[in-house]
Amino acid sequence: MRILLITKIFPNAMNPGQAPFNRRQFAALSRYCDIDVFATIPWFPGASRFSKWSVSNDAPREEIIEGLPVRHPRFLYLPKVAPYLNGPLYAASMLFELARHHPALDVIVGSFAYPDGFAAVCLAELLGVPAVVKVHGSDIDVLSQQPAVRPALEWGLRRATRVVAVSKQLKEGVHALGVPRDRIDVVMNGVDRTMFRPRDRGEARAALGRSPDRRLLLYVGHLLRDKGALDAIAAFERLAPAHPDVDLVLVGSGADEQACKAAAERLGHRVLLTGRLPHDQVARWVAACDALVLPSHHEGTPNVVIESLASGRRVVATNVGGIPDVLSSPALGELVAPGDLPALAEAMSRAAHAPYDPERIVSLAGCKGWDESARAFYNSILAARGERPVAVPATEMRPVLQLDGAPPSSRRWAPPPASRRFPEATQLGVGQA
């Protein structure tokens with residue numbers, strides 16, 4: 001089977017830390033089938049003059065990422081001007097790309113409901129193949145509330161052969177947009193269990209130069225208001241005077257980074273902002289903390305919560321999106337309402353001091369690896385083709401292509417030179433919680 005994956009939330013050489021969850025799931029999916037990736041990049045006249053759009057615009061047209069042949073076609077995008085046109089423009093741009101490089105496809109997958117999923121459905125109908133749309137969170141929770149976008153969003157989801165949601169809550173959100181429940185599958189993201197596993201907290205703190213005698217709360221993700229980064233600092237400011245032995249560390253970067261730095265300055269050395277870090281360093285900070293804090297205003301199923309639990313660390317988070325599905329037991333952490341700073345501060349102070357067994361956290365959470373996640377995704381794709389989903393034993397799976405290995409001969413385009421291949425040393429960024 002040959003699948004085309006279309007998404008704008010995927011890494012590239014200029015932004016290697018973007019969407020590690022898609023990178024890992026798609027790489028694991030390639031054990032089962034041939035995959036081509038159109039990791040799209042928005043473009044509009046003058047985009048290079050805007051810092052938000054200019055970084056990825058310099059990405060190469062082709063590269064190999066975890067063995068996957070990836071193209072970076074540009075699509076015409078009109079930010080904030082006419083959002084209802086972005087889906088049709090995206091589809092037209094991808095049609096032009098397919099006319100230039102036309103692999104024989106069995107399924108088209110769009111990862112993110114709009115405009116990616118909308119475009120995937122349009123192309124699939126033109127080619128007469130099934131379309132699968134994967135939804136992540138804000139594409140349902142936020143975009144569905146925008147009158148200019150909602151009709152196109154609904155059209156794409158209703159005409160998709162199947163929809164894959166990363167949480168039960170998102171499944172209900174998709175159903176509310178008119179998709180029958182029997183066409184929606186819940187496929188949770190996985191976790192790299194070789195990297196995120198219980199480790200000695202003292203050793204991790206020593207490696208990071210942190211005192212073994214202090215308590216440590218950790219935030220990992222984009223430094224955005226909607227992600228709750230400022231709420232985490234504000235809640236910590238409430239608890240700090242009564243708990244002088246507790247520190248807060250924020251790992252990541254984002255549009256509200258300067259606001260976070262300004263808020264952190266009021267608390268001196270007790271709040272540290274590390275900036276964006278590679279994934280192995282994130283894993284070390286998770287191992288060093290007493291608890292993870294993620295007070296998001298809206299979510300899908302944030303991978304950082306899964307990674308924290310897989311590391312044997314409890315979580316304080318908001319009861320939004322798929323987080324309650326993951327924090328299914330009080331032993332795993334506490335849930336508070338988004339924006340409730342007093343409740344968040346109290347939960348954070350309890351989490352900083354509550355004793356618990358990391359191995360029990362791992363056992364209760366039951367976090368799955370990326371292979372299990374990819375297998376469930378593959379079964380959804382099989383269902384879209386009218387084929388019976390099967391459990392494929394690991395021994396029967398095709399090996400994942402290595403970074404320096406050549407893709408199968410059936411690929412329509414050759415891999416770029418080694419100098420343009422995806423840099424393994426930097427591809428594991430953070431911020432996509």
Side-chain angles (χ1 to χ4, degrees), residues 196 198-225 227-254 256-296 302 304-305 307-309 311-318 332-336 340-358 361 430-431 433:
F196 292 95
R199 305 188 193 188
D200 183 87
R201 186 179 281 113
E203 289 180 4
R205 290 184 178 181
L208 294 167
R210 308 294 298 187
S211 169
D213 301 322
R214 298 188 63 77
R215 303 287 178 168
L216 177 61
L217 295 170
L218 178 69
Y219 170 97
V220 179
H222 282 309
L223 299 186
L224 300 173
R225 293 180 187 274
K227 283 288 186 180
L230 286 164
D231 286 354
I233 298 173
F236 181 77
E237 189 170 10
R238 286 172 173 263
L239 69 89
H243 300 280
D245 61 332
V246 181
D247 297 325
L248 174 66
V249 173
L250 293 92
V251 175
S253 61
D256 293 316
E257 187 168 354
Q258 291 305 315
C260 288
K261 287 181 178 179
E265 285 179 0
R266 299 193 298 268
L267 295 155
H269 66 279
R270 294 184 61 184
V271 177
L272 171 67
L273 279 70
T274 70
R276 184 185 294 270
L277 295 177
H279 232 139
D280 60 338
Q281 288 296 309
V282 176
R284 181 167 288 170
W285 277 107
V286 172
C289 79
D290 290 284
L292 179 87
V293 180
L294 188 68
S296 302
V304 67
V305 172
E307 290 166 348
S308 180
L309 297 176
S311 302
R313 301 296 182 259
R314 296 180 77 244
V315 177
V316 173
T318 42
L332 300 177
E334 291 194 48
L335 292 169
V336 300
D340 189 340
L341 295 184
L344 178 61
E346 292 174 5
M348 288 168 62
S349 64
R350 286 191 293 269
H353 296 93
Y356 59 91
D357 178 10
I361 298 297
V430 304

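Worth saying up front: this structure is predicted, and the values here are computed from it rather than measured.
Looking at heavy atoms from C-beta onward, Leu273 lies in side-chain contact with Leu223 at the 4.5 angstrom threshold. Contact check for Leu277 versus Arg284: no side-chain heavy atoms found under the 4.5 Å cut-off. Between Leu344 and Val316, the closest side-chain pair of non-hydrogen atoms falls below 4.5 Å. Between Arg270 and Arg214, some side-chain heavy-atom pair lies under the 4.5 Å cut-off. In this structure, the side chains of Val286 and Leu218 come closer than 4.5 Å at one or more pairs of heavy atoms.
The aromatic rings of His353 and His243 lie tilted to each other, with the angle between the two planes from 30° to 60°.
Arg199 and Ala287 get closest at one heavy-atom pair: CB-CB, 3.9 Å. Taking both residues in full, the closest heavy atoms of Val336 and Ala343 are given as CG1-O, 3.8 Å, listed atom of the first, atom of the second, then distance. Taking both residues in full, the closest heavy atoms of Leu341 and Ala234 are given as CD1-CB, 3.9 Å, listed atom of the first, atom of the second, then distance. Between Ala235 and Ala345, the closest heavy-atom pair is O-CB, 3.4 Å. Taking each heavy atom of Arg238 and Pro342 in turn, the nearest pair found is NH1-CG, 3.7 Å. Residues Pro241 and Pro244 come closest through the heavy atom pair O-CD, 4.1 Å.
Here the CG atom belonging to Asp256 is positioned 5.5 Å from the CG atom belonging to Leu230, to the nearest 0.5 angstrom. Separation of atoms CE (Met348) and CG (Leu292) is listed at 10.5 Å; rounding is to 0.5 Å. The structure places CG of Leu272 at 5.5 Å from CZ of Arg210, a figure rounded to the nearest 0.5 Å. Note: Arg313 CZ to Ile361 CD1 = 9.5 Å, rounded to the nearest 0.5 Å. To the nearest 0.5 Å, atom SG of residue Cys289 and atom CG of residue Asp247 are 12.5 Å apart. Annotation: the span from Lys227 atom NZ to Leu294 atom CG amounts to 6.5 Å, rounded to 0.5 Å.
Using modelled atom types, one side-chain atom of Ser311 and one backbone atom of Glu307 make a donor-acceptor pair closer than 3.5 Å. Side chain of Asp290 to backbone of Arg215: no donor-acceptor contact under 3.5 angstrom is found.
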Exercise. Test side-chain contact (heavy atoms from CB on, under 4.5 Å) on Phe236 and Val271 and set out the steps.
Key: CA-CA 9 Å; Phe236 181 77; Val271 177; 3.7 Å; yes
Practice problem: Mind running side-chain contact (heavy atoms from CB on, under 4.5 Å) on Tyr219 and Ile233 for me, showing each step along the way? | Solution: CA-CA 9 Å; Tyr219 170 97; Ile233 298 173; over 6 Å; no
